Amino acid sequence: MFRRREPVPFAFLAEADRFRSNVAPPPAERVSAGQIAGRWLLGLTIVAALVGSLVIGMPALTLDHSAQTQQSQASQGR
C-alpha cells in the first residue's frame with residue numbers, strides 16, 4: 001500500500017497521483033495569414049488613433065503666454 005510521508009488534508013489529493021489521464025489536449029490551432037494581418041492592422045489602427053489624438057490635442061495643451069500677460073479693461077479700472 002502506498003503511504004505519503006506528510007499528511008494530506010483531502011483524500012482526493014492523496015489519491016490524485018494514482019489516476020493519471022491519458023487524454024491529451026487538442027493541438028493549438030494554427031493562425032492563418034489573414035488573422036495575422038488582421039491583428040497587425042488592428043494594432044496599427046489603435047496606435048494611429050493614439051498618435052492622431054495626441055497631435056490634435058497638443059495645441060490645447062500648450063500654454064499661451066500672451067493671453068496671460070494681457071489684462072482686460074475692466075480689471076484696470078477703466
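All of these numbers come straight from a predicted model, not from anything done at the bench.
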Q: Is Leu50 reachable from Leu42 through a run of hydrophobic residues whose side-chain heavy atoms are each under 4.5 Å from the next?
A: yes
Q: Closest approach of Arg30 and Gln35, non-hydrogen atoms and distance?
A: O-OE1, 4.5 Å
Q: Once you round to the nearest 0.5 Å, how far does CD1 of Ile36 lie from CG of Leu41?
A: 13.5 Å
